[in-house]
Amino acid sequence: MKNFKRYLVTSALPYANGPIHIGHLAGVYIPSDIYTRFLRMKGVDVISVCGSDEHGVPITLKARKEGVSPQEIVDRYHTINKKAFEDFGIAFDIYSRTSNKVHYDTASEFFKTLYDKGEFTEKSTDQYYDEEAGCFLADRYIMGTCPHCGNENAYGDQCEKCGTSLSPNELINPHSTVSGSKPVLRETLHWYLPLDKYEPWLKKWILEDHKEWKANVYGQCKSWLDQGLQPRAVSRDLDWGVPVPVDGAKGKVLYVWFDAPIGYISATKELTPDWEKYWKDKETKMVHFIGKDNIVFHCIIFPAMLHAEGSYILPENVPANEFLNLENDKISTSRNWAVWLHEYLEDFPGKQDVLRYALCANAPETKDNDFTWKDFQARNNNELVAILGNFVNRTLVLTNNYYDGKVPARGKTDSNDDAVLQEFAKIKENVETSLETYRFREALKEAMNLARLGNKYLADAEPWKVIKTDPERVKTIMNIALQITANLTIICEPFLPFSMTRLRGWINLNELKWSEAGKSDLLKAGHEINKPGLLFEKIEDEEITRQIDKLLATKKANEVAGAKTTPGKNAITFDDFSRIDIRTATILEAEKVPKTTKLLKLKIDTGLDIRTIVSGIAEYYEPDAIIGKQISIVANLEPRKIKGIESQGMILMAEDKDGKLVMVTPATKVSNGSMIK
RNA sequence: UGCGGGGUGGAGCAGUGGUAGCUCGUUGGGCUCAUAACCCAAAGGUCGGAGGUUCGAAUCCUUCCUCCGCUACCA
């Protein structure tokens with residue numbers, strides 16, 4: 001493995017439109033923090049940079065909704081998030097932001113360099129413009145009727161009802177979700193980064209030179225590269241962001257994904273005048289910690305930008321994590337389905353390490369994982385308290401009881417003692433190897449093995465028994481137990497910095513370098529220790545129940561909030577209405593359409609005829625259960641082929657606020673083909 | 001539809017060709033210094049299904065099922 005002179009660790013810039021939750025922590029910031037702390041302890045030159053990502057459309061929309069300026073929004077969340085990181089001991093050297101001047105200058109200059117080198121291509125396109133709001137609309141902010149399934153709430157990029165991907169101009173009756181008005185097409189000029197041009201270079205750099213990247217990262221990159229890269233726009237029509245530094249580019253800003261990663265550079269600039277040695281010296285190892293949604297940006301687009309610019313180094317590794325779920329459900333900011341850092345600390349003051357431990361032990365390193373409060377409790381009670389806390393406690397209590405808090409001298413060791421002492425170095429080695437290969441879960445488990453070793457040692461040596469027959473021997477035993485404790489303060493420091501600080505206080509030990517780990521004379525004979533407290537406390541069921549109740553309350557609140565009925569539609573004439581042929585019918589046969597989750601193929605009696613209708617209700621109705629049911633249908637809807645089956649009409653369903661579909665059935669049985677009017 | 005990542009004892013994970021491991025939980029025993037914590041032992045898996053390659057497969061190939069992503073900058 002290549003030896004580097006210094007390290008540059010970056011952590012994904014959190015988007016400043018909401019607070020930080022446990023998913024962010026588990027996916028990005030805990031691993032990056034452990035990694036950074038480990039490197040610092042090794043005494044290598046390392047800086048860790050992060051900051052708020054403060055541009056982009058969602059922030060402007062949030063601002064518009066609240067009637068404040070975008071700056072106010074980002075100020076709010078920048079402050080909250082910066083504090084949350086500090087509170088959890090996430091040890092960035094700098095937590096910057098992309099709305100500050102250094103960043104504007106850096107991003108602007110970066111763009112200018114590429115522009116001057118002729119790296120960009122320019123292209124004019126027609127895009128939807130919202131005249132009322134005075135802005136261009138991203139695909140996502142246009143809604144309309146899906147041309148395929150008739151869903152009236154299809155987005156400009158995709159219809160969630162039938163799953164087809166769309167482009168905004170396919171939508172029938174498009175309207176802006178910003179103002180509600182009908183958008184118009186307007187021509188606009190943008191700059192593109194020709195990713196296709198860098199494709200061969202990227203292929204070699206990733207697929208050949210970085211086979212060691214994590215499977216999820218490498219696979220994702222390979223998939224993109226194999227499919228062929230397209231030029232990507234680097235500018236947007238928006239008044240919030242870094243202005244495009246080119247004449248005639250008024251009203252245009254750098255697209256967020258272009259400016260955000262440059263935030264790493266500007267943060268470094270803000271931190272140190274020596275920033276260039278971290279970014280431009282081949283002796284620097286750069287590592288990006290991110291979540292899986294960011295893989296493409298950090299592995300393909302940003303490296304392509306850096307490569308095009310020419311003077312920058314590239315990331316050595318991009319250890320992306322998968323996602324963390326919460327109690328079996330996706331974490332969601334908008335649905336408030338999350339554990340927010342600031343709220344956690346209100347409920348569990350001083351227990352940062354417990355969360356750090358639980359999240360690291362259960363980090364989504366290879367696949368999505370689930371965070372449950374029960375698991376959190378078990379990790380705390382069965383591992384932190386029972387194994388680590390307990391070992392420390394029994395060692396310190398015994399030392400205080402037997403030797404009045406003075407470290408006893410070690411006498412002659414027996415073979416078991418020697419075996420234990422030799423384990424130190426092995427454990428240190430294991431932790432180190434795991435950390436260097438970004439396997440944090442494993443590293444943590446290895447670190448805990450030191451405490452396990454300690455417990456076993458005490459159980460085997462039984463000092464509380466031996467003290468009655470051979471007090472000299474006990475001095476050796478306790479000396480060794482204390483050396484294990486001292487080693488713990490080093491080995492566990494990257495993972496549990498708050499607790500290890502307390503532990504060092506109890507044994508009167510300064511923070512030691514990583515290289516001291518593995519030694520068996522960290523505490524000299526006669527060294528005095530203090531009265532210990534409890535390193536970790538048991539978490540009772542009631543506290544866990546309270547958290548779960550809190551989440552259940554959120555779920556309820558969401559349902560109430562979601563209960564808002566869809567806004568009414570524009571008036572139509574009676575003539576419009578009478579053109580629709582709605583009538584009753586009875587289901588004769590029903591079967592699932594193979595290889596689909598939602599579709600049922602139904603044979604129905606409409607009174608006029610027997611016909612086939614394909615309907616997306618399979619998630620709510622079992623085929624067998626609905627045979628014989630009377631329903632309402634639109635009989636004169638243009639036939640459509642769905643999954644190769646011609647569907648002749650549509651079944652009327654009432655859609656509940658949670659998306660649940662319910663049949664519209666006549667209150668009492670009527671003859672098939674009865675008109676509904 | 002396609003592509004990427006998963007599917008291993010009750011839970012969470014490791015294991016990429018050679019007798020299936022770890023942590024937690026469970027059961028039994030031991031110990032009593034310790035926050036009923038600790039130590040020992042045991043039970044528990046035909047490694048998502050099917051087919052194939054091989055002397056031999058969780059591990060390679062084919063196919064199917066299933067979860068999560070790639071599509072709302074939400075890590």
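Letters A, B, ... are given to chains in the order of the sequence lines, protein chains preceding strands, and every chain is numbered from 1.
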Nearest-angstrom distance from the residue atom NE2 of A:His24 to P of B:rC73: 13 Å

Check: A:Asp470 side chain, A:Val466 main-chain N or O, donor-acceptor pair, under 3.5 Å: no

Touch class at under 4.0 angstrom, heavy-atom based, for A:Gly56 against every strand present: nothing

B:rU23 OP1/OP2 closer than 4.0 Å to side-chain N/O of A:Arg452: no

Side-chain donor-acceptor pair present, A:His103, A:Thr98, cut-off under 3.5 Å: no

Sugar-phosphate, base or nothing in reach of A:Gly219, heavy atoms under 4.0 Å: sugar-phosphate

Touch class at under 4.0 angstrom, heavy-atom based, for A:Lys538 against every strand present: base

Check: A:Lys367/A:Asn216 side-chain N/O donor and acceptor closer than 3.5 Å: no

Sugar-phosphate, base or nothing in reach of A:Trp224, heavy atoms under 4.0 Å: sugar-phosphate

A:Asn17 vs B:rC74: side-chain N/O to OP1/OP2 distance below 4.0 Å: yes

For atom CG of A:Leu388 and atom C1' of B:rC38, their distance in whole Å: 14 Å

A:Glu212, CD atom: more than 12 neighbouring heavy atoms under 6.0 Å: yes

Verify stack between A:Tyr15 ring and B:rC73 base, 5.5 Å, 30 degrees: no

Touch class at under 4.0 angstrom, heavy-atom based, for A:Leu324 against every strand present: base

Touch class at under 4.0 angstrom, heavy-atom based, for A:Asp368 against every strand present: sugar-phosphate

Under 4.0 angstrom between A:Asn382 side-chain N/O and B:rG25 OP1 or OP2: yes

Side-chain donor or acceptor of A:Arg502 paired with backbone N/O of A:Leu535 under 3.5 Å: yes

Sugar-phosphate only, base, or nothing, as touched by A:Ile387 at under 4.0 Å among non-hydrogen atoms: sugar-phosphate

Sugar-phosphate, base or nothing in reach of A:Lys222, heavy atoms under 4.0 Å: nothing

Side-chain N or O of A:Lys456 closer than 4.0 Å to phosphate OP1/OP2 of B:rC40: yes

Who pairs with B:rG4 - Watson-Crick or G-U, where each distance is under 3.5 Å: B:rC68

Of the listed nucleotides B:rA34, B:rG12, B:rA14, the one nearest the side chain of A:Asn362: B:rG12

Separation of atom NZ in A:Lys445 from atom P in B:rG15, rounded to whole Å: 10 Å

Touch class at under 4.0 angstrom, heavy-atom based, for A:Leu458 against every strand present: nothing

Sugar-phosphate only, base, or nothing, as touched by A:Ala12 at under 4.0 Å among non-hydrogen atoms: nothing

A:Thr399 side chain near B:rC33 phosphate (N/O to OP1/OP2, under 4.0 Å): no

Below 4.0 Å: OP1/OP2 of B:rC13 and any side-chain N or O of A:Lys367: yes

Whichever of A:Ala378 and A:Asn393 has its nearest RNA chain B nucleotide further upstream toward 5': A:Ala378

A:Lys351, NZ: over 12 other non-hydrogen atoms inside 6.0 angstrom: yes

Touch class at under 4.0 angstrom, heavy-atom based, for A:Lys465 against every strand present: sugar-phosphate

